[in-house]
K.L.:
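One structure, as structure tokens, below. Some questions next.
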Amino acid sequence: MITAVWMLLGASIVAVIMIHNLRASEELSFDREQTQIKYAQESAVETVVADILFNGPRSELARLPAQTSYTINGIAMQVQVTSESGKIDVNQADPALMERALRGLGISGSQRQAFLSIVAGERSASRLFQSPTDVGAAMQQAGMAIGSGFCPGNYFTTFSGLGQPVAGQMRPEFAKALGQPSLPTEARASPGTALRVSIKADGASPLIAVIRTSGLIGRSYSVLDWSDRAGCGG
């Protein structure tokens, strides 16, 4: 009887160890797969830059917005390249322009004024918003509901360096909010343009990189923002 109990106990221990090892193996395999996808996504950003710099205006990716697909190390990815120039740069734009945009997007008067007060405070302190994440946080502080219905990253940036968004490169609903005609123009990925590169692969979060191409030897581009967390705009 005692022997049988010890045998059952031993079998249970072995089963627990086997389950633990199986789970550890699955976790290790998942981590390895995620690492491979991450490196493939990073390589895709390098490929985008190389395509634009080496092919110049002949590059399909230089005509924005652009979409393509890459397969790197057996990992298939969807690539989208857009310009930040069709958005309002919160660090550069006139407050009246931001107020008009927010009003056209359906933001209430009290929330608009609260946000513009935050922007004024940052400017008086000689501080810059570092990314759309900072802008979104300020908008939430002003009481705005951030989500699929209103995604600041679709309309506001901190990277273009422009006082006004480029006409024709705005989203149609944004152009309408500003009272401008939605007439698409061909954006060109010329050196100095802030580009948003989105790399999506099955089974992983998208990589979002905002870069500025330079064409300089040894430093073909600079990274302005880098995130593996999808924003409210997807």
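These numbers come from the heavy atoms of this one structure, side chains and all, not from hydrogens, waters or symmetry mates. Residue numbers start at 1 and run along the sequence shown.
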K.L.:
Partners of E122 by salt bridge (charged side-chain N to carboxylate O under 4.0 Å, His left out), sequence neighbours excluded?
P.N.:
R127
K.L.:
What is the ring orientation for F156 with F115, classed by angle as parallel under 30°, tilted 30 to 60°, or perpendicular over 60°?
P.N.:
perpendicular
K.L.:
Are Q169 and S160 packed together at the side-chain level, in the sense that at least one heavy-atom pair is separated by less than 4.5 angstrom?
P.N.:
no
K.L.:
State the CD-OG1 distance between Q78 and T68, to the nearest 0.5 angstrom.
P.N.:
8.0 Å
K.L.:
Got a second to check how far Q34's CD is from Q41's CD, nearest 0.5 Å?
P.N.:
8.5 Å
K.L.:
Same cluster or not: V79 versus V223, using hydrophobic residues (I, L, V, M, F, W, Y) connected whenever any side-chain heavy atoms lie under 4.5 Å apart?
P.N.:
yes
K.L.:
Looking only at non-hydrogen atoms, find the nearest pair between S85 and T193 and report the distance.
P.N.:
OG-CG2, 4.4 Å
K.L.:
Report yes or no: do F54 and V49 belong to one cluster of Ile/Leu/Val/Met/Phe/Trp/Tyr joined by side chain heavy-atom distances under 4.5 Å?
P.N.:
no
K.L.:
State, to 0.1 Å, how close N91 and D89 come at their nearest heavy-atom pair, and which atoms those are.
P.N.:
N-OD1, 2.9 Å
K.L.:
I118 and A138: which non-hydrogen atoms are nearest, and at how many Å?
P.N.:
CD1-O, 3.4 Å
K.L.:
Just verifying a value: how many Å separate Q92 CD and M98 CE, rounded to the nearest 0.5 Å?
P.N.:
10.0 Å
K.L.:
To the nearest 0.5 Å, how far apart are CG in L61 and OG1 in T47?
P.N.:
10.0 Å
K.L.:
Show me the pairs that pass salt bridge (charged side-chain N to carboxylate O under 4.0 Å, His left out) and involve residues 38-52, at least two apart or across chains.
P.N.:
none
K.L.:
Determine yes or no for a side-chain-to-main-chain donor-acceptor pair under 3.5 angstrom, with Q130 supplying the side chain and L128 the backbone.
P.N.:
yes
K.L.:
When rounded to the nearest 0.5 angstrom, what distance separates CG in L105 from SG in C151?
P.N.:
11.0 Å
K.L.:
Are V81 and L64 packed together at the side-chain level, in the sense that at least one heavy-atom pair is separated by less than 4.5 angstrom?
P.N.:
yes
K.L.:
Over all heavy atoms of both residues, which pair between R212 and G192 is shortest? Give the atoms and the distance, please.
P.N.:
NH1-O, 2.7 Å
K.L.:
Do F129 and V119 have side chains that get closer than 4.5 Å, going by heavy atoms?
P.N.:
yes
K.L.:
Linking I/L/V/M/F/W/Y whenever any side-chain heavy atoms sit under 4.5 Å apart, do M170 and V166 land together?
P.N.:
no
K.L.:
Tell me whether I52 is reachable from L207 by hopping between hydrophobic residues (I, L, V, M, F, W, Y) whose side-chain heavy atoms are closer than 4.5 Å.
P.N.:
yes
K.L.:
Do S198 and K200 come within less than 4.5 Å of each other through their side chains, counting heavy atoms only?
P.N.:
yes
K.L.:
Side-chain contact test, heavy atoms from C-beta onward, threshold under 4.5 Å: evaluate it for I88 versus F174 and give yes or no.
P.N.:
yes
K.L.:
With side chain to side chain contact (heavy atoms under 4.5 Å, CB included) as the test, pick out the partner of M139 among I107, V90, L102.
P.N.:
L102
K.L.:
Would V135 end up clustered with I208 when hydrophobic side chains under 4.5 Å apart are linked, directly or stepwise?
P.N.:
no
K.L.:
Would the distance check show the side chain of D94 and the main-chain N or O of A96 forming a donor-acceptor pair, the cut-off being under 3.5 Å?
P.N.:
yes
K.L.:
Measuring from Q113:CD to S108:OG, what's the distance to the nearest 0.5 Å?
P.N.:
10.0 Å
K.L.:
Indicate the atoms forming the closest heavy-atom contact of I72 with A44, along with that distance.
P.N.:
CD1-N, 3.8 Å
K.L.:
Check whether any side-chain heavy atom of T158 sits under 4.5 Å from a side-chain heavy atom of D134, and report yes or no.
P.N.:
no
K.L.:
R123 versus P95: any side-chain heavy-atom pair under 4.5 Å?
P.N.:
yes
K.L.:
Compare every heavy atom of I37 with every heavy atom of A204, then report the nearest pair and how far apart it is.
P.N.:
CB-CG2, 3.6 Å
K.L.:
Who else is in the cluster with L224 when I, L, V, M, F, W and Y are joined by side-chain contacts under 4.5 Å?
P.N.:
F159, V210
K.L.:
Take L195 and Y221, measure what side-chain contact (heavy atoms from CB on, under 4.5 Å) needs, and give me the verdict at the end.
P.N.:
CA-CA 10 Å; L195 305 176; Y221 69 96; over 6 Å; no
K.L.:
Give the ring-plane orientation class for Y155 versus F150, where under 30° counts as parallel, over 60° as perpendicular and anything between as tilted.
P.N.:
parallel
K.L.:
I want to check something: taking the side chain as every heavy atom from C-beta on, are Y70 and I199 in contact at a cut-off of under 4.5 Å?
P.N.:
no
